[in-house]
Amino acid sequence: MINITFPDGAIREYEQGITGFDIAASISKSLSKKAVAVTLNGEMQDLAEPINADANIALVLRDDTAALELIRHDAAHVMAEAVQELFPNTQVTIGPVIENGFYYDFARDEPFHADDLQKIEARMRQIIGRDAKFEKEVWTRDQAKQYFAAKGEDYKVELVDAIPEDEDVKIYKQGEWLDLCRGPHLPSTGKIGNNFKLMKLAGAYWRGNSDNAMLQRIYGTAWASEKQLKQYLFMLEEAEKRDHRKLGAEMNLFHFQSEAPGSVFWHPKGWSLFSSLIGYMRRKQTAGGYLEVNTPDMLDKGLWEQSGHWEKYGENMFTTTTPDERVFALKPMNCPGHVQIFKNGLRSYKELPIRLGEFGKVHRYEPSGALHGLMRVRSFTQDDAHVFCTNEQVTEEVIKTNELILSIYKDFGFTDIRVKFSDRPEKRIGSDEVWDKSEAALKNAITKAGVDWELNEGEGAFYGPKLEYVLRDAIGRDWQCGTLQVDLNLPERFGAFYIDKDGEKKTPVMLHRAMFGSLERFVGILIEHHAGAFPLWLAPQQVVVCPIVSDMDDYAIEVRDALLAAGISAEVDLRNEKINYKVREHSLQKIPAIFVVGGREKENGTVAIRRFGSKAQTILPLAEAVTSIVLEARAPDEV
RNA sequence: GCCGCAGUGGCUCAGUGGUAGAGCACACCCUUGGUAAGGGUGAGGUCGAGAGUUCGAUUCUCUCCUGCGGCACCA
């Protein structure tokens, strides 16, 4: 007999080899119907798996969050079966659960088409209707390899080979179909339910490696209930409405065109936003002890060879050859330029730390398929800075920078921040000893700063380890923005030094950091975060004044001028249109405030204010209205 | 870069092997209307680029460019 402990602490005795299903049945019939799996000492397993020793168990019911993973995983299996039934010459590869759903990668000579998805989905519903049991078998390695080889499933053979020697080769059958799988699964396909949808087709490399074959991936979403599925689909629609590319065009902020792929044409309103960000950041940096500089966009190839960029970053660089045959590269980073400023003249330890900031526009030849609106471009502006300091100052500078970064995100309403620590990449410069030092220094500093971080192995910059600040927007999407890197390599390569107390030359440590990261991307994030409805301080156009009839035009202009004089960006809409029309149009443009002026307002020297997102009208004397807008339009650092 | 899909007036989209249409936007006229689309008239397109098939291509084929969804890469 074995002792089974339940979540409420109750202990019951059962015969050895009893299954989760039997245990559920021993408690109640309804429980045995609802249960889909069991966690044994915290690990989920099949309901049908025998339990052979004392254990803590908890039954997993179909509506539990934990069951969602099984629903999605099983949906992937069913999709694979459906695909093989419909398209016999298709190999199956892997099909994991992902956030919100699942996918399965297939190898097939013919491409799938969008309308195949409906067919596959219909077949999946049939398979689910058959309600076949998921049955686990343990095979020998050879048996599995022979089976899959005979079926022409080359990828599965490779997967069997990759299973560690001490692990069983598990097979799950669902009716006639079977797959190599670690499990666990639901009791039967019927438990998956019908709340799933195939979403899209995509190419994906086998094992995520671009040297490997391109497979065909089908993505699906699956949920426990219809309500959840609908909610998810609704959320996707909402996200689409916020798409910065769509809003950017509608709100006349910027555009792209094919002659400059990946480079932005900023329109007046978009540039106003962009400039507000720079103005804000300039104030924050000045307050933080930074000095602003500006360095050349194009520098001789030789300098990039010296920095190591030519070798390690060359494939991302734009170059140009002048009529006199010199080769220049457009800067992909600002650091080499900043080192030149540091080096220009003798530096004393008394000057350190020196913090040089630049709103530098960098150019990077990004793979064509990576381009994506403002989020991924080929030329972008960084709020880049380099802090030159002594070894002893690293910790304090990292802590300061970290504080500054977090306070900035907070000003923009981002409080859900994750920090990733990326250590040495394969493609790098400098010795392992130097890397040991710089990684330790950065780790030590952020630990002191009290930052929780997760390791991002091998993702550092080629010259040093880095922190990446990932922020989560209003609808739960993550964006990488800030970065903070410790660099012991470039200063040495460039022969930068300062004279220390003892009169000796010392090589400074260089911290690279950006807070917005890319201004372009940050604007994109803000557009999506606010769904285009910017807070007053950022809104490119803050107020529009609309006269109701043309007799009020002169007063409307007076109101507009009062706003302009107070530093508010305001326009007046004198068009021969009804007030309804004007309100609609300016609301679609998400202008934060519409000042409506008619006969009553003109007579009383007031304005009727309608704020974006509300139908309410507030009547205020003009001077008061201007003051309240001015107060609200202050940047967060000026409040 | 790789896989798949797409590219028609400023925007959203319809359509055809015999050189194109709608709505919105735009211009002009009428209308002066209190908080999400008043009415009329008009102008606007070498149907992404190049080549091929054809008597004839925006439509079919190929190549390229750009975009979209992923993958890979990354701020």
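Naming convention: chains lettered A, B, ... in sequence-line order (proteins, then strands); numbering from 1 in each chain.
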If only atom types and distance count, is the side chain of A:K197 paired as donor or acceptor with the main-chain N or O of A:A222 below 3.5 Å?
no
| task | Could you give the distance separating B:C13 and B:C71 at their P atoms, to the nearest angstrom? | result | 24 Å
Original post:
When all nucleic acid strands are considered with a 4.0 Å heavy-atom cut-off, which category describes A:C481: base, sugar-phosphate, or nothing?
Top reply: sugar-phosphate
Winner on side-chain proximity to A:E366, out of B:C74, B:G33, B:U35, is B:C74
ask   = Are the ring centres of A:H529 and A:F412 closer than 6.0 Å?
value = no
**Message:** Between B:U59 and B:G15, how far apart are the two P atoms, rounded to whole Å?
**Reply:** 16 Å
Applying side chain to side chain donor-acceptor pair (under 3.5 Å) to A:T381 and not counting sequence neighbours gives A:E520
With the side chain defined as heavy atoms from C-beta on, A:H113 is closest, among B:C74, B:C5, B:G33, to B:C5
> Looking across every strand, which nucleic acid part, if any, lies under 4.0 Å from A:F522 by heavy atom: base, sugar-phosphate, or nothing?
Replying inline: nothing
**Item:** Rounded C1' spacing from B:G23 to B:C62 in Å
**Value:** 36 Å
Stem ranges of RNA chain B by first residue number, counting only runs of at least 3 Watson-Crick or G-U pairs under 3.5 Å, come to B:1-7 with B:65-71, B:10-13 with B:21-24, B:26-30 with B:38-42, B:48-52 with B:60-64
| request: Using the C1' atoms only, state how far B:A6 lies from B:A75, rounded to an integer number of Å. | output: 28 Å
### Message
What contact category does A:P367 fall into here, base, sugar-phosphate, or nothing, at under 4.0 angstrom with non-hydrogen atoms?
### Response
base
Testing B:A75, B:U35, B:A36 for proximity to the side chain of A:K466, the answer is B:A75
In whole angstroms, the gap separating P of B:U35 from CD1 of A:I619 amounts to 11 Å
Any chance you could lay out the side chain to side chain donor-acceptor pair (under 3.5 Å) test for A:T401 and A:E403, step after step, and finish with the verdict?
CA-CA 5 Å; A:T401 307; A:E403 274 170 11; over 6 Å; no
Inset, instruction - Would you say whether A:Y205 stacks on B:A72? The test is a distance between ring centres of less than 5.5 Å and an angle between planes of less than 30°. - result: no
Whole-Å distance, A:R575 CZ to B:G38 C1', equals 14 Å
query = What is the nucleic acid contact for A:A202, judged by heavy atoms within less than 4.0 Å: base, sugar-phosphate only, or nothing?
reply = base
- Query: What distance, rounded to whole Å, do you find between the two C1' atoms, one in B:A22 and one in B:C3?
  - Reply: 36 Å
query: Can you find a pair of side-chain heavy atoms, one from A:R364 and one from A:Y313, that are under 4.5 Å apart?
result: yes
Taking B:C74, B:A36, B:G4 as options, the one with an atom nearest any side-chain atom of A:N580 is B:A36
Discussion item. For A:E238, I'd like to know if atom CD has over 12 heavy atoms of other residues, nucleotides or ligands within 6.0 Å.
Written reply: yes
So, with a heavy-atom separation below 4.0 Å from RNA chain B, the residues of residues 595-608 of chain A are A:V596, A:G598, A:G599, A:R600, A:E601, A:A608
Closest to the side chain of A:K578, out of B:C71, B:G38, B:C74, is B:G38
Under 4.0 Å from OP1 or OP2 of B:C68: is there any side-chain N or O of A:R245 that close? yes
note: A:L371, atom CG; B:A72, atom P; distance rounded to Å ~ 17 Å
>> Strictly below 4.0 Å: does A:S210 bring a side-chain N or O up to OP1 or OP2 of B:G1?
In response: no
*Should A:K420 and A:E459 count as an ion pair when the cut-off is N to O under 4.0 Å?*
no
The nucleotide from B:C74, B:U35, B:G33 with an atom nearest the side chain of A:V549 is B:G33
* Asked: Does a salt bridge link A:K602 with A:D554, judged by any charged N lying under 4.0 Å from a carboxylate O?
  -> yes
Side-chain donor/acceptor of A:R364 to base of B:C74, under 3.5 Å: no
- Message: Taking any heavy-atom pair under 4.0 Å as a contact, classify A:S368: base, sugar-phosphate, or nothing.
- Response: base
_Distance, P atom - from B:A14 to B:G7, rounded to whole angstrom_ = 9 Å
Regarding A:S518, tell me which of base, sugar-phosphate or nothing describes its non-hydrogen contacts under 4.0 Å with the strands shown.
base
A:L117 atom CG is separated from B:G69 atom P, nearest whole Å, by 17 Å
Mind checking the P distance from B:A37 to B:A20? Whole angstroms is fine. 37 Å
What I want to find out is whether A:D297 reaches A:K361 closely enough, with some N-O distance under 4.0 Å, to be called a salt bridge. no
Can a donor-acceptor pair under 3.5 Å be found between the side-chain atoms of A:Q589 and the base atoms of B:A36?
no
When rounded to whole Å, the CE to P distance for the pair A:M251 and B:C11 reads 18 Å
Would you call A:E121 and A:R123 a salt bridge, using N to O less than 4.0 angstrom?
no
Look at all strands and tell whether A:G517 reaches a base, only sugar-phosphate, or nothing, counting heavy atoms closer than 4.0 Å. nothing
Taking only N and O in the side chain of A:R217, is any of them less than 4.0 Å away from OP1 or OP2 of B:G4? no
Tell me what A:L588 touches on the nucleic acid: a base, only sugar-phosphate, or nothing, going by heavy atoms under 4.0 Å. base
Report task. Provide the distance between the two P atoms, one in B:A36 and one in B:G18, to the nearest whole Å. Result -> 48 Å
Hey, is the side chain of A:H372 poking within less than 4.0 Å of OP1 or OP2 on B:G67, counting only N and O atoms? no
A:K200 atom NZ is separated from B:G70 atom C1', nearest whole Å, by 7 Å
Rounded to whole Å, CD of A:Q485 lies from C1' of B:C74 at a distance of 12 Å
note: A:E315, atom CD; B:C73, atom P; distance rounded to Å ~ 12 Å
If the threshold is 4.0 Å, N to carboxylate O, is there a salt bridge linking A:E528 and A:R245? no
Per atom distances to the A:Y581 side chain, the nearest of B:A75, B:C26, B:A72 is B:C26
Out of B:G33, B:A75, B:A36, minimum distance to the side chain of A:V377 belongs to B:A75
Would you say the base of B:A72 and the side-chain of A:R207 have a donor-acceptor pair closer than 3.5 Å?
no
query: Using 4.0 Å as the upper bound for N to carboxylate O, is an ion pair formed by A:E99 and A:R72?
result: no
Inset, instruction - State, without any angle test, whether A:E358 and A:T295 hold a side-chain donor-acceptor pair at a distance under 3.5 Å. - result: yes
